[in-house]
Chemist: 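First, the structure itself, so that you have it in front of you.
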Number of protein chains: 2
Amino acid sequence: MFPSHSRLPVPADPADHTECIVVREILDRVGDKWSVLVIALLGQRSQRFNELRRQIDGISQRMLTLTLRQLERDGLVLRTVHATVPPRVDYALTPLGESALEPLNGLIGWAAEHGTDIAEARLRYEEAQADAAAG
Amino acid sequence: MFPSHSRLPVPADPADHTECIVVREILDRVGDKWSVLVIALLGQRSQRFNELRRQIDGISQRMLTLTLRQLERDGLVLRTVHATVPPRVDYALTPLGESALEPLNGLIGWAAEHGTDIAEARLRYEEAQADAAAG
DNA sequence: CTGCATCCTCGTCGATACTG
DNA sequence: CAGTATCGACGAGGATGCAG
């Protein structure tokens with residue numbers, strides 16, 4: 001969370017401390033390992049648990065469950081249980097979740113576009129470090 | 001990082017695994033506690049170390065140093081040392097750093113706009129949980 | 001198939017003390 | 001003023017086993 005005294009240059013009321021906290025919480029969600037990927041996948045189409053699991057190579061059952069719970073809790077994802085046998089659970093984005101796709105894709109787009117710039121910057125940095133150590 | 005087999009629905013070449021990794025790394029940066037705030041503050045004007053420190057209530061000296069180092073390493077922030085006494089170090093956004101402001105503000109704007117929606121969703125969720133437990 | 005509980009590891013962050 | 005070094009606490013996340 002942003003500490004309550006600090007400010008974020010958001011368009012809206014910069015004096016509102018609550019807003020900073022809210023923003024920090026959401027940014028935290030963006031930062032955690034799987035949330036954005038899950039949102040992006042559900043943005044394509046609604047899917048079942050193991051359908052997601054198979055697409056997200058490397059995710060543990062536990063983390064997929066936790067991630068989906070959190071997204072459900074935040075109102076970004078809708079969980080639908082079908083009382084069939086075997087049980088079937090569908091996950092879909094809510095309208096709120098869909099509204100997140102746009103800013104998220106903005107960020108993802110930026111990342112994809114400037115990824116090489118960053119990689120190059122890192123190389124230059126390492127180089128400079130090596131020079132400093134050698135010199 | 002995104003596992004190398006998973007895909008992100010970015011406009012550009014979805015088959016490129018490297019892109020996923022790069023995107024995940026950048027998303028991680030967004031998620032860490034202080035980076036976005038530092039970028040936002042430097043977006044207003046370039047600032048000195050303790051100038052930033054004072055504005056970011058709650059940050060430790062260590063974390064501000066680490067955060068700035070990482071942003072410098074990634075080419076988002078430029079560090080300028082003035083050989084005066086006492087020493088003076090200025091931090092400023094690079095053009096790359098400034099280019100990040102737009103997507104970042106997009107996300108921050110979304111968060112600010114939908115923060116109450118999320119808060120409400122959480123209340124409803126807790127409520128439903130309580131009902132389930134009681135019923 | 002979907003999901004919870006447990007254990008354990010590892011990285012991140014804060015506190016503190018010290019340096020140029 | 002602007003760092004670096006070290007230590008400890010904490011929590012995210014993976015592995016595994018069990019349940020509805």
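Lettering follows sequence order; numbering is per chain, from 1.
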Chemist: Roughly, in whole Å, what's the span from CD in B/Gln61 to P in C/dT19?
Modeler: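 For the pair B/Gln61 CD and C/dT19 P, the rounded distance is 15 Å.
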
Chemist: Which residue is it: B/Glu72, B/Arg48, B/Gln47, B/Arg79? I am looking for the one with a side chain to side chain donor-acceptor pair (under 3.5 Å) to B/Tyr91.
Modeler: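 Exactly one pass, corresponding to B/Arg79.
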
Chemist: Does a side-chain N or O of B/Trp34 approach OP1 or OP2 of C/dG14 to a distance below 4.0 Å, or not?
Modeler: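 Indeed, a polar side-chain atom of B/Trp34 lies that close.
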
Chemist: Compare the minimum distances between each of D/dG14, C/dT2, D/dA2 and the side chain of B/Phe49, then state the nucleotide with the smallest one.
Modeler: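 It is D/dA2.
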
Chemist: So which one's nearest nucleotide on DNA chain D is more toward 5', A/Pro87 or A/Asp32?
Modeler: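 Counting from the 5' end, the first nearest nucleotide belongs to A/Asp32.
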
Chemist: Drop me the distance from B/Arg53's CZ to B/Ile59's CD1, to the nearest 0.5 angstrom.
Modeler: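 If I round to the nearest 0.5 Å, the distance is 8.5 Å.
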
Chemist: Grab the CG-P distance between B/Leu66 and C/dT12 for me, whole Å please.
Modeler: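 Distance, rounded to whole Å: 10 Å.
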
Chemist: Can you find a pair of side-chain heavy atoms, one from A/Ile118 and one from B/Val22, that are under 4.5 Å apart?
Modeler: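 No. Closest side-chain heavy atoms not under 4.5 Å.
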
Chemist: Rounded to the nearest angstrom, tell me the gap between atom CZ in A/Arg54 and atom C1' in C/dC1.
Modeler: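 One finds 10 Å between C1' of C/dC1 and CZ of A/Arg54, rounded.
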
Chemist: Using a 4.0 Å cut-off on protein heavy atoms (strictly under), produce a 5'-to-3' string for nucleotides 5-10 of chain C with B for base contact, S for backbone-only sugar-phosphate contact, and - for none.
Modeler: -B----

Chemist: Distance check needed: C/dG14 C1' versus B/Lys33 NZ, whole Å only.
Modeler: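 Roughly 8 Å, once rounded to whole Å.
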
Chemist: State plainly whether the residues A/Glu127 and A/Arg122 are in salt-bridge range, i.e. N to O under 4.0 Å.
Modeler: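 Not counted as a salt bridge, because no side-chain N and carboxylate O are separated by less than 4.0 Å.
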
Chemist: What is the distance, to the nearest angstrom, from the CE atom on B/Met63 to the C1' atom on D/dA5?
Modeler: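 One finds 15 Å between C1' of D/dA5 and CE of B/Met63, rounded.
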
Chemist: Using whole Å, report how far CZ of A/Arg29 lies from P of D/dG13.
Modeler: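 Answer to the nearest Å: 11 Å.
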
Chemist: Kindly give the heavy-atom pair with the smallest separation between B/Ser46 and B/Ala92, and that separation in Å.
Modeler: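 Closest heavy-atom pair between B/Ser46 and B/Ala92: CB-CB, 3.4 Å.
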
Chemist: For the CG atom of A/Leu101 and the CD atom of A/Gln44, what is their distance to the nearest 0.5 Å?
Modeler: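 One gets 10.0 Å once the value is rounded to the nearest 0.5 Å.
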
Chemist: Side-chain N or O of A/Tyr91 less than 4.0 angstrom from OP1 or OP2 on C/dC1?
Modeler: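 Checking A/Tyr91 against C/dC1: no side-chain N or O falls below 4.0 Å of OP1 or OP2.
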
Chemist: Could you state the atom-to-atom distance from CG of B/Leu64 to C1' of D/dA2 in whole Å?
Modeler: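 The distance from CG of B/Leu64 to C1' of D/dA2 comes to 10 Å, rounded to the nearest Å.
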
Chemist: Ignoring the backbone of B/Ser60, work out which of C/dG14, D/dG13, D/dA2 is nearest its side chain.
Modeler: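 Side chain of B/Ser60 sits closest to C/dG14.
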
Chemist: Quick check for you: to the nearest 0.5 Å, what is the distance between A/Glu51 atom CD and A/Ile56 atom CD1?
Modeler: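 Rounded to the nearest 0.5 Å, the CD-CD1 separation comes to 11.0 Å.
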
Chemist: Would you mind reading off the distance between A/Ile59 atom CD1 and D/dG14 atom C1', rounded to a whole angstrom?
Modeler: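 About 11 Å, once rounded to whole Å.
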
Chemist: Students often get this wrong, so: under 4.0 angstrom with heavy atoms, is A/Arg53 touching a base, only sugar-phosphate, or nothing?
Modeler: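 The answer is nothing, as A/Arg53 stays clear of every strand by at least 4.0 Å.
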
Chemist: Mind checking B/Arg69 for me? I need base, sugar-phosphate or nothing, with any heavy atom below 4.0 Å counting as a touch.
Modeler: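 Sugar-phosphate contact only - B/Arg69 comes under 4.0 Å of backbone atoms but never of a base.
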
